[in-house]
Amino acid sequence: MTEASVREFKMPDVGEGLTEAEILKWYVQPGDTVTDGQVVCEVETAKAAVELPIPYDGVVRELHFPEGTTVDVGTSIIAVAVGDGAAAEPVREAEAPAAPEAEAAPEAEAAPEGRQPVLVGYGVATSSTRRRPRKGTQAPAQAAPPAAAAIQAEMNGHGPTAPVTRERPLAKPPVRKLAKDLGVDLATVTPTGPDGIITREDVHAAVTAAQAPEPSAAPAAQAPAPAPAAPSSAPVSYDTARETRVPVKGVRKATAAAMVGSAFTAPHVTEFVTVDVTRTMKLVEELKQDKEFAGLRVNPLLLIAKALLVAIRRNPDINASWDEAAQEIVVKHYVNLGIAAATPRGLIVPNIKDAHAKTLPQLAESLGELVSTAREGKTSPAAMQGGTVTITNVGVFGVDTGTPILNPGESAILAVGAIKLQPWVHKGKVKPRQVTTLALSFDHRLVDGELGSKVLADVAAILEQPKRLLTWA
């Protein structure tokens, strides 16, 4: 039997420019057999928790870092033996590390120098990161189980049945999970994403076209078995005699840095308006009974989001960003609508891609998926990239309003206060009406008072008379 080669799986850039990630949970141990696409660990970046799939078949030889270790992007985190004899080859001793030349991953030989594979997302990313010294002593890895050699030989075509080679569909882990939950074979889905990547919308379109059953349908055969639930990744706090100290890390650390940077870079202006939303609240109740919204969550945020999208269509210059390096204002012809969400890891702002092009039922579906994914702590870094404008609903906490800070790279954020029954002059008489206060913060470098006021006034007018969703759309 020929000698197996060892491939080093490096920490990928899972967040478009992030430099490090913390290993939250290992789902495999030395000696385990892994297959292409199998999730081997969960990591947390400054943006979200992400599951990492291995890109090849083989047997785990060594885990280079224990759980809880923060690792630089580009650093090898796991060694996998591939090829003939992978299971039978003895595990390398921890006290006898390979020479630097031997640590280079085989895939690096096929790529230009200084570039590394990117597993979450596709293509390659440039990196000059060098391997960080190991922390602590790794326990010697256990030998592979006896059956692993036969399994590995069969995977490589030397067993009783050679595998059928076919191109693996391109899709990110959250999309693969969605397809698995809906019983969709990704090989049958037509991709519409960049570079042939299958999106969440593509999976839903496949379900609709095939008139698939509810998500309780049998999972796709090729999807990996669900990994065990990871433990909470909240920072470990500790008590002194009179204080509790909580380390600032992960999402909370990134949020703090982003908010400080935004507050002291973009000159903020915030305007307020109090509006009677009684008719909007009645429309919400009517839509809940509409068969077009069956199974969808309908709430005031849905109509507020639609109102903001219509206001942006009427005032497109609000949907822009400031390019400091080029000294240009970049007006976006699409709206990636961010929704601020409180999660156990801190505040995150995932966004609905191309929200401007969605119908009201489609927008309701996207909002429901965004909220449920955020609550589960499974929001992907890609879902938080590329936002153009944001809504933060402080009203769910009973707060009347606030002065929201812009998301970096965006020019406007709308805060929605609590909707309360208040005395209001309606048709010349004081009556109890459903009232809320809206606050719009904007970047005064590219949004002047007139433009900001028009956008806020349009949102208020639509919520006061929601029939304008038809006449202004």
Side-chain angles (χ1 to χ4, degrees), residues 270-288 290 293 296-315 318-319 335-342 349-352 354-371 374 387-404 406-407 410-422 424 433-442 452-473:
T270 304
E271 295 185 341
F272 308 89
V273 63
T274 302
V275 58
D276 176 3
V277 295
T278 304
R279 292 185 178 91
T280 288
M281 298 303 290
K282 290 181 179 178
L283 179 57
V284 167
E285 295 304 315
E286 292 173 4
L287 292 179
K288 288 180 179 179
D290 193 315
F293 292 87
L296 299 177
R297 184 178 181 183
V298 179
N299 55 24
L301 180 60
L302 171 62
L303 295 183
I304 293 168
K306 190 63 176 179
L308 179 58
L309 292 170
V310 172
I312 291 172
R313 181 181 300 177
R314 288 166 54 85
N315 305 275
I318 193 75
N319 189 48
V335 181
N336 290 346
L337 180 61
I339 304 294
V349 188
N351 61 76
I352 299 172
D354 293 325
H356 66 288
K358 295 183 181 293
T359 64
L360 197 59
Q362 289 172 340
L363 188 61
E365 181 181 15
S366 296
L367 274 171
E369 290 179 355
L370 179 149
V371 171
T388 63
V389 66
T390 293
I391 295 176
T392 177
N393 186 8
V394 298
V396 297
F397 304 108
V399 175
D400 291 334
T401 190
T403 54
L406 294 168
N407 241 3
E410 300 179 13
S411 62
I413 179 172
L414 178 69
V416 181
I419 299 175
K420 298 179 180 180
L421 198 63
Q422 298 183 22
W424 192 264
R433 304 286 286 181
Q434 298 282 355
V435 177
T436 190
T437 299
L438 307 174
L440 183 73
S441 292
F442 49 87
S453 298
K454 284 183 176 180
V455 171
L456 185 58
D458 278 358
V459 173
I462 293 170
L463 296 180
E464 185 175 18
Q465 293 282 356
K467 65 181 181 181
R468 291 190 172 103
L469 287 173
L470 299 176
T471 59
W472 288 2

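Predicted model, so just to flag it, every value in this text is computed and none were measured. FYI, the numbering just counts along the sequence from 1.
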Going by heavy atoms in the side chains, are [X] and [Y] under 4.5 Å from each other?
X	Y	answer
Leu303	Leu287	yes
Arg313	Trp472	no
Ile304	Leu414	yes
Val389	Ile413	no
Phe293	Leu360	yes
Val394	Thr401	no
Pro300	Ile419	yes

Approximate separation, where rounding is to 0.5 Å, of [X] [atom1] and [Y] [atom2]:
X	Y	atom1	atom2	answer
Asn407	Ser441	CG	OG	11.5 Å
Leu363	Lys306	CG	NZ	6.5 Å
Leu463	Gln434	CG	CD	13.0 Å
Leu469	Leu309	CG	CG	10.0 Å
Asp354	His356	CG	NE2	5.0 Å
Lys288	Asn299	NZ	CG	7.5 Å

Quick one: closest heavy-atom pair of [X] and [Y], and the distance?
X	Y	value
Lys358	Ser366	CE-OG, 3.3 Å
Leu337	Ala305	CD2-CB, 3.7 Å
Gly402	Phe272	O-CE2, 3.5 Å
Ser453	Glu271	OG-OE1, 2.9 Å
Ala418	Thr436	O-OG1, 3.3 Å
Val273	Ala460	CG1-CB, 4.0 Å

Is the side chain of [X] donor-acceptor paired with the backbone N or O of [Y] at a distance under 3.5 Å, no angle test?
X	Y	result
Thr390	Ile339	no
Asp276	Val435	no
Thr392	Ala415	no

Check: Is there a side-chain contact (heavy atoms from CB on, under 4.5 Å) between Arg433 and Arg279 once you walk through the steps?
Finding: CA-CA 9 Å; Arg433 304 286 286 181; Arg279 292 185 178 91; 4.2 Å; yes
Margin query: Do Thr437 and Asp400 pair up side chain to side chain, a donor and an acceptor below 3.5 Å, judged on atom types alone?
Written below: no
Checklist line | Lys282 with Glu285: basic N within carboxylate O range, under 4.0 Å | finding: no
Notebook entry, point to check: Does the distance from a Lys or Arg side-chain N to an Asp or Glu carboxylate O, for Asp458 and Arg468, drop under 4.0 Å?
Noted result: no
Notebook entry, point to check: Can you name the one residue among Ile391, Ile318, Val335 that meets side chain to side chain contact (heavy atoms under 4.5 Å, CB included) with Leu308?
Noted result: Ile391
